[in-house]
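Below, read A as the first sequence line, B as the second, and so on, with proteins coming before strands; counting in each chain starts at 1. Just so you know, these numbers come straight off a predicted model, no measurement behind them.
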2 protein chains.
Amino acid sequence: MTKQTARERLARAAFELFDERGYEQTTVDDIADRAGVGRTTFFRHYRSKEEVIFPDHDRLLARIDGRLTTSSSGTALVAVSDAVRLVLLHYLEEGDLARRRYALTSKVPALRDREIASVARYQRLFREFIAGWMGDSGASSLRAELMSAAVVAAHNHVLRRWLRGDSADPVAEVDAAMRDVIGLFPVADPAASPAAPGTTVVAFSTGKGLDALLPELRRLLEGDG
Amino acid sequence: MTKQTARERLARAAFELFDERGYEQTTVDDIADRAGVGRTTFFRHYRSKEEVIFPDHDRLLARIDGRLTTSSSGTALVAVSDAVRLVLLHYLEEGDLARRRYALTSKVPALRDREIASVARYQRLFREFIAGWMGDSGASSLRAELMSAAVVAAHNHVLRRWLRGDSADPVAEVDAAMRDVIGLFPVADPAASPAAPGTTVVAFSTGKGLDALLPELRRLLEGDG
DNA sequence: GTAACGACGGTACGCAGTACCACGACGGGT
DNA sequence: ACCCGTCGTGGTACTGCGTACCGTCGTTAC
C-alpha cells in the first residue's frame, strides 16, 4: 500500500464529486469528508475550491517566466512561440486530467472566468517580454500587445481543438499556427511590406486602377449609415 | 431636488467607500448603510458587490451584439472594428467613472479578473461573428481567433492609454490601431478574390468619409503601381 | 374602500475562506 | 528514557457574500 498523501486524496475526491454532482453542488466539506480529512486540511493544501482544478498553474507560469528570461532566440516572437509550445506540452502531459478540467470549465461560468484570468497572466508575461525585447517606444507597445494576443489566441485554438478530441497531432498544429502568427508580423522592411502601420489601405490591386475600385469603395461606405 | 433612486445612492456610496477604505475593506452592509437602505435592497439592484462597478456591461454587450448582427460592412473585420469603436466611445462617455473603475481594477486582483472575463466575452462575440462571416472551415477558424484577439488587444491598448491619461485623442488612436490590425490580415474576402498576389481593396476604416480617404488611396495606389 | 402590485426591510440560512488553538506523531539531543 | 521542537492535523468560531422567505408600507386601479 503506497501511502497516499492528503493532497492526492483530496484531488481525487474533488474530481469524483464534481463528476457526480457538479461543481457548484459540491461543498468543500463534501470533498474533505470523502477524502477522509478535516475541512481545515483542505484549505492547507488548496487555497480555494477552484485551485483543486488548477493546482500547478503557478509553477507553470514561473517556469515559463524563467524560460523567457533565459531565452536566446533570435526574435522575441520566436522565443515566445517556444514558450507557448512548453505550455501546450504541459497540458498534453496532463492528458485526461486536462480534458476533465476542460469539461468542467465549459460548464461552470465561474471556472471559465478563472481559466480566462489564468490565460491573461500568460499573455501579460508575453507582452512584457516582447515589449522589453523591443524598445519601449509607443509604437512598439501596440505591436507587443498584438503579438502576445495573437500568440495566446493561436495556442488556445490548438489546445481547445485537442481538448475536444479534434486534433491528432496538436504539436504539429501549434507549430503551424505559430508560423502563421509569426508570418503576420513581418520584420520591419518598409520597401517590402505594402501596408506600413499607420496607413489606411491595406490591400490593393495590381490589376485594376483606382477608377475600377471606386464603385466598390462607394458601395462599402454607403452600407454604413 | 430630484429624488434620487436607491440605485443611484448605492452606486455613489459604494464608490465613496471604495475610495476611502478600498474595495475589500468595504462590506455590502457598509454600502447599504451609507446609502440609507437595507442590505436586501442592495442585492435587488446589483447582483453582486462587483456589479456596482460594472453596472451596464451586459447592456453594452447586447448592443454590440445587435450592432454586429445588423452590420452591413464589407468585411467582418471592418464591422468588428466599428463595433470596437462603439465600445471605446462608451468608456469615453463614462469619463471620470471609467477612470475610477480603472483605478480599482488596477489595485484589486479580483476586479481585474472580472474585467478580463468581461473582455473575453466581447472577444468571443467577435470571434463567432468573424467565424460566421467566413465559412466555418478549419483554417479560417484560427484566422477568426487571431482577428478577434488582435482587435480586442488593440482596443485595450488604446483604452488603457486613455485611462492612464496618456492619450489626448483616443478615437483617432483607435482608428489608427484598427487600421494596423486590418493591415495584419491581408485580404479577407473569399467571394471577391482568392488570396493571390494582386488582389482587390477590401478593407478600410469607415471612420472617415470616402472623400477624406481618396487622397490617401491615390497616393498609395500610385506609389506602388 | 379594498384589492392587487411593487419596492423595501429584516431574519435566517448556506457556503467559502480565515484565524486561532489544541492534540498527536516524529526525530534529535542530552 | 526523557524532554523538546516541529509539522501535519482536526476543531471551533468568525467574517462576509449571496439567497430565500416573509411581513410591511405606499401607490394605483377598480
Side-chain angles (χ1 to χ4, degrees), chain A residues 1-18 20-55 57-58 101 104-105 107-115 117-118, chain B residues 1-18 20-55 57-58 101 104-105 107-115 117-118:
Chain A
M1 309 308 148
T2 68
K3 183 184 163 195
Q4 275 189 339
T5 71
R7 185 181 172 92
E8 288 165 353
R9 284 204 307 275
L10 281 167
R12 175 177 295 271
F15 273 92
E16 280 179 16
L17 288 166
F18 293 162
E20 294 174 12
R21 320 179 191 173
Y23 176 80
E24 283 154 333
Q25 278 63 42
T26 302
T27 73
V28 174
D29 287 281
D30 295 336
I31 302 171
D33 285 352
R34 176 162 304 196
V37 299
R39 176 184 145 86
T40 309
T41 300
F42 176 92
F43 285 107
R44 274 203 192 87
H45 290 284
Y46 301 99
R47 278 175 297 188
S48 72
K49 184 179 161 188
E50 294 174 352
E51 206 186 284
V52 191
I53 308 179
F54 311 93
H57 157 268
D58 283 345
R101 185 192 304 126
L104 284 173
T105 54
K107 285 180 189 293
V108 184
L111 297 179
R112 167 174 286 272
D113 288 356
R114 164 96 177 201
E115 172 89 37
S118 301
Chain B
M1 284 303 290
T2 67
K3 183 184 167 194
Q4 275 189 338
T5 70
R7 185 182 173 90
E8 289 165 352
R9 283 205 308 276
L10 281 167
R12 175 177 295 271
F15 274 91
E16 281 178 15
L17 288 166
F18 293 162
E20 295 173 12
R21 319 178 191 174
Y23 176 80
E24 283 155 333
Q25 279 64 43
T26 303
T27 72
V28 175
D29 287 280
D30 295 337
I31 302 172
D33 285 351
R34 177 163 302 196
V37 300
R39 174 185 147 85
T40 310
T41 299
F42 177 91
F43 285 106
R44 275 205 192 85
H45 291 283
Y46 301 98
R47 279 174 296 187
S48 72
K49 183 178 162 189
E50 294 174 353
E51 205 186 286
V52 191
I53 309 181
F54 311 93
H57 157 267
D58 284 344
R101 186 192 303 124
L104 284 174
T105 53
K107 284 180 190 292
V108 185
L111 297 179
R112 166 174 287 272
D113 288 355
R114 164 96 178 201
E115 172 89 39
S118 301

What does [X] touch in the nucleic acid at a heavy-atom separation under 4.0 angstrom: a base, only the sugar-phosphate, or nothing?
| X | result |
| --- | --- |
| Thr41(A) | sugar-phosphate |
| Thr40(B) | base |
| Arg44(A) | base |

Choosing from [options], which nucleotide comes nearest the side chain of [X]?
| X | options | value |
| --- | --- | --- |
| Thr27(B) | dG9(C), dG16(D), dT9(D) | dG16(D) |
| Phe43(A) | dC8(C), dA16(C), dG18(D) | dA16(C) |
| Ala6(A) | dG9(C), dT9(D), dG17(C) | dT9(D) |

What is the distance, rounded to the nearest whole Å, between atom [atom1] of [X] and atom [atom2] of [N]?
| X | N | atom1 | atom2 | result |
| --- | --- | --- | --- | --- |
| Arg21(A) | dC15(C) | CZ | C1' | 14 Å |
| Phe42(A) | dT18(C) | CZ | P | 11 Å |
| Tyr23(A) | dA16(C) | OH | P | 8 Å |
| Asp30(B) | dC17(D) | CG | P | 8 Å |
| Arg7(A) | dC7(D) | CZ | C1' | 17 Å |
| Asp29(B) | dC17(D) | CG | C1' | 10 Å |
| His45(A) | dG17(C) | NE2 | C1' | 16 Å |
| Arg39(A) | dG14(C) | CZ | C1' | 11 Å |

Note to self: I'd like to check Asp113(A) versus Arg114(B) (side-chain heavy atoms, cut-off strictly below 4.5 Å). Are they in contact?
What the structure shows: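 Of all side-chain heavy-atom pairs linking Arg114(B) with Asp113(A), none is under 4.5 Å.
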* To do: Give a yes/no verdict on a cation-pi contact between Lys107(B) and Phe18(B), requiring under 6.0 Å between NZ or CZ and the six-membered ring centre and an angle within 45° of the axis.
  =>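 Output no; distance or angle outside limits.
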Discussion item. Please evaluate residues Phe54(B) and Thr105(B) with respect to the criterion side chain to side chain contact (heavy atoms under 4.5 Å, CB included), reporting the C-alpha separation (whole Å), side-chain torsions for both, the decisive distance (0.1 Å), and the verdict.
Written reply: CA-CA 11 Å; Phe54(B) 311 93; Thr105(B) 53; 3.8 Å; yes
Look up atom CZ in Arg21(B) and atom CD in Glu16(B), then write down how far apart they are to the nearest 0.5 Å.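 CD of Glu16(B) is found 10.5 Å from CZ of Arg21(B).
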Worksheet entry | side chain to side chain contact (heavy atoms under 4.5 Å, CB included) assessment of Glu20(A) paired with Leu17(A) | CA-CA 5 Å; Glu20(A) 294 174 12; Leu17(A) 288 166; 4.0 Å; yes
